[in-house]
Each structure stands twice: as C-alpha cells, then as structure tokens.
Amino acid sequence: MAAKRVWLAGLCLVLTVVFLGLGAWQVQRLQWKLDLIAQVETRAHAAPVPTPAPNDRAGSEQAYQAVRADGVFDHGAETLVQAVTAIGPGYWVVTPLRTDRGFTVLVNRGFVSTDKGATRDWSRPEGEQSVTGLLRLTEPKGGFLRANDPAGDRWRSRDVAAIANRRGVDGPVAPYFIDAGAATAGAWPRGGLTVIRFTNHHLVYALTWFGLAALCIVGAWRLRRDRLKPADGDAA
C-alpha cells in the first residue's frame with residue numbers, strides 16, 4: 001500500500017509540472033491574442049492606405065487594414081455570397097473593381113436581404129469610384145460545413161481566386177478583397193457591416209490548467225500525509 005501511495009504521489013507531482021506548463025503557455029497565448037486584437041483595432045481605425053499590389057503578399061499582418069482603391073466597377077461580374085448578419089440573412093454583393101493601377105480587386109460592396117437578392121434591385125454606381133474599406137483575406141474553404149459550388153454559382157464564402165475565375169476576370173487580381181465601408185444611409189447594398197471579433201478563451205484555459213495543478217498538489221500532500229500517519233494499533 002505504501003509503495004502505491006508513493007507512486008501516486010509521484011504521478012501527482014509530474015502532472016502538476018505538466019499542468020503548470022500548460023497554464024503558463026495559455027497565459028502567453030492570452031497576451032498574444034490581446035496584442036493581436038489591439039493591432040487589428042489600430043489598423044481598422046487608421047487612415048486608409050492604398051491597397052497592396054497583387055504581387056505584394058497580403059498576410060495576416062494586413063488583415064483589417066483600412067485601405068482605399070480607385071477604379072471602375074464591373075457590375076456584370078458581380079457575385080452573391082450567402083451571409084448572415086445582424087440585420088438578417090441574405091447575401092454579400094461582391095463586385096470586381098478594375099483599379100486605375102492596372103489590377104482588379106474584388107469588393108464586398110455590402111449586404112442585401114434575401115428578397116433583394118432575388119430581385120437584384122440595388123444601386124450600381126458607374127464611372128470612376130473611390131472605395132474605402134477594410135482589407136480582408138480570401139476565404140477559400142467555404143462556409144461552416146458547406147463548401148462553395150463554383151459550377152453551380154453557389155457561394156458560401158468569399159473565395160477570391162474561385163470567384164474571379166468563375167467570372168472570367170482578366171488581368172492581375174489581388175489575392176484579397178475589400179469590405180466596403182458604409183455608404184448612403186438606407187441604400188443597398190449596406191456596407192460597413194464587418195464584424196471584428198476574435199475568440200479569446202485563453203484566460204479560462206489558463207485558470208483551468210492552474211486549478212488542475214493545485215488539485216494535484218493537494219492530492220500529493222494528502223498521500224504523503226497518509227503515508228506518514230501511524231497505522232492503527234501502532235504505539236503512540
């Protein structure tokens with residue numbers, strides 16, 4: 001029995017070290033996530049900068065950057081992408097913008113309701129346009145448990161390459177898209193609906209691991225105490 005208690009106490013101590021390490025790792029992840037959120041908020045509320053050229057790698061460090069692009073919309077190549085927003089279900093209206101810099105960037109002009117999606121009744125500005133919004137990374141894997149169907153022209157995510165290919169967009173295409181900002185109040189599509197949200201459960205995870213470490217410490221202490229306790233019938 002004594003040997004078993006020693007073995008269990010040793011296991012508790014090993015698990016304590018493991019749980020403390022996992023808790024410390026989650027604390028580091030928490031700080032990383034808080035820094036990321038702060039960086040994104042700063043980029044999103046900064047003055048718009050020119051959109052990167054197609055050969056400039058648009059990585060996660062540029063996501064949600066406020067950008068500006070000038071050009072002409074190709075409304076004949078617009079694409080509807082299924083969306084669920086704070087104002088209900090419907091579609092994003094994604095339209096190629098042929099920029100004055102010689103490349104095309106897909107612009108999510110905003111949200112339209114399901115009824116609007118059926119009638120396709122919304123504004124389509126002609127001529128040179130200046131678009132401001134947030135740079136967003138392409139979404140190539142479709143929606144939750146639902147892949148895009150380019151052949152059937154059914155879209156659950158804004159997959160830049162697939163949409164550009166389906167619409168036959170010529171010339172260089174930026175590997176990202178722009179979420180346009182809000183336009184005239186009440187106009188369709190409704191821009192400015194980008195949700196900037198990051199899940200952040202690292203503090204809960206850290207407390208869980210530290211709590212398990214504390215339980216292991218208590219368990220090791222109790223096993224050691226029981227091992228040192230005189231057995232029944234031993235002399236006082």
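Cluster annotation: Leu11 and Leu215 are assigned to the same hydrophobic cluster (Ile/Leu/Val/Met/Phe/Trp/Tyr, side-chain heavy-atom contacts under 4.5 Å, transitive). No chain of hydrophobic side-chain contacts below 4.5 Å, direct or via other Ile, Leu, Val, Met, Phe, Trp or Tyr residues, connects Val72 to Val173. When hydrophobic clusters are built by joining Ile, Leu, Val, Met, Phe, Trp and Tyr residues whose side-chain heavy atoms come closer than 4.5 Å, directly or via intermediates, Leu106 is grouped together with Leu80.
Between Gly110 and Pro189 the shortest heavy-atom distance is C-CB, 3.6 Å. Here the closest non-hydrogen pair linking Pro172 and Gly102 is CD-O, 3.9 Å. Closest heavy-atom contact between Ile178 and Ala69: CD1-CB, 4.1 Å. Scanning all heavy atoms of the two residues, the minimum distance from Gly23 to Ala206 falls at O-CB, 3.8 Å. When all heavy atoms of Cys216 and Phe19 are compared, the pair lying nearest together is SG-CE1, 3.6 Å. Minimum heavy-atom separation, Ala46 to Ala66: O-CB, 3.4 Å.
Panel note: side chain Arg156, backbone Ala147; a donor-acceptor pair is recorded below 3.5 Å. At distances below 3.5 Å, not a single donor-acceptor pair connects side-chain atoms of Glu139 with backbone N or O atoms of Asp159. Between the Tyr176 side chain and the Gln62 main chain, no donor and acceptor come within less than 3.5 Å of each other. Distance alone, capped at 3.5 Å, places no donor-acceptor pair between the His202 side chain and the Trp25 backbone. Looking only at distances, a side-chain donor or acceptor of Thr138 sits under 3.5 Å from a matching main-chain atom of Val160.
Pro125 is listed as a side-chain neighbour of Arg109, based on a closest heavy-atom distance under 4.5 Å. Considering only heavy atoms from C-beta on, Tyr91 stays 4.5 Å or farther from Phe111 through its side chain. For the pair Leu135 and Pro52, the minimum side-chain heavy-atom distance is below 4.5 Å. Counting heavy atoms from C-beta on, the side chains of Arg29 and Tyr205 never come closer than 4.5 Å. Between Ser157 and Asn148, the closest side-chain pair of non-hydrogen atoms falls below 4.5 Å. Considering only heavy atoms from C-beta on, Thr79 comes within 4.5 Å of Trp155 through its side chain. You'll find the side chain of Leu212 stays beyond 4.5 Å of the side chain of Leu15, heavy atoms only. Residues Ile87 and Leu193 form a side-chain contact, since some pair of their non-hydrogen atoms from C-beta on lies under 4.5 Å apart.
Using a cut-off of 4.0 Å between Lys/Arg side-chain N and Asp/Glu carboxylate O, Asp153 and Arg167 are scored as salt-bridged.
One finds the NE2 atom of His201 at 13.5 Å from the CG atom of Leu207 (value rounded to the nearest 0.5 Å). To the nearest 0.5 Å, atom CH2 of residue Trp209 and atom OG1 of residue Thr16 are 13.0 Å apart. Atom CD1 of Ile163 is separated from atom CZ of Phe177 by 8.5 Å, given to the nearest 0.5 angstrom. Note: Arg158 CZ to Leu137 CG = 11.0 Å, rounded to the nearest 0.5 Å. Of the inter-residue distances, the one linking His75 atom NE2 with Thr95 atom OG1 reads 6.5 Å to the nearest 0.5 angstrom. Put simply, CZ on Arg120 and CD on Glu78 are 5.5 Å apart, with the number rounded to the nearest 0.5 Å.
Cation-pi check for Arg190 over Trp188 is met; the charged atom lies under 6.0 angstrom from the ring centroid and within 45 degrees of its normal.
In this structure, Leu20 shares a hydrophobic cluster with Val27, Phe210, the cluster being traced through Ile, Leu, Val, Met, Phe, Trp and Tyr side chains under 4.5 angstrom apart.
Looking only at atom types and distance, the side chain of Thr194 has no donor-acceptor partner in the side chain of Arg136 under 3.5 Å away.
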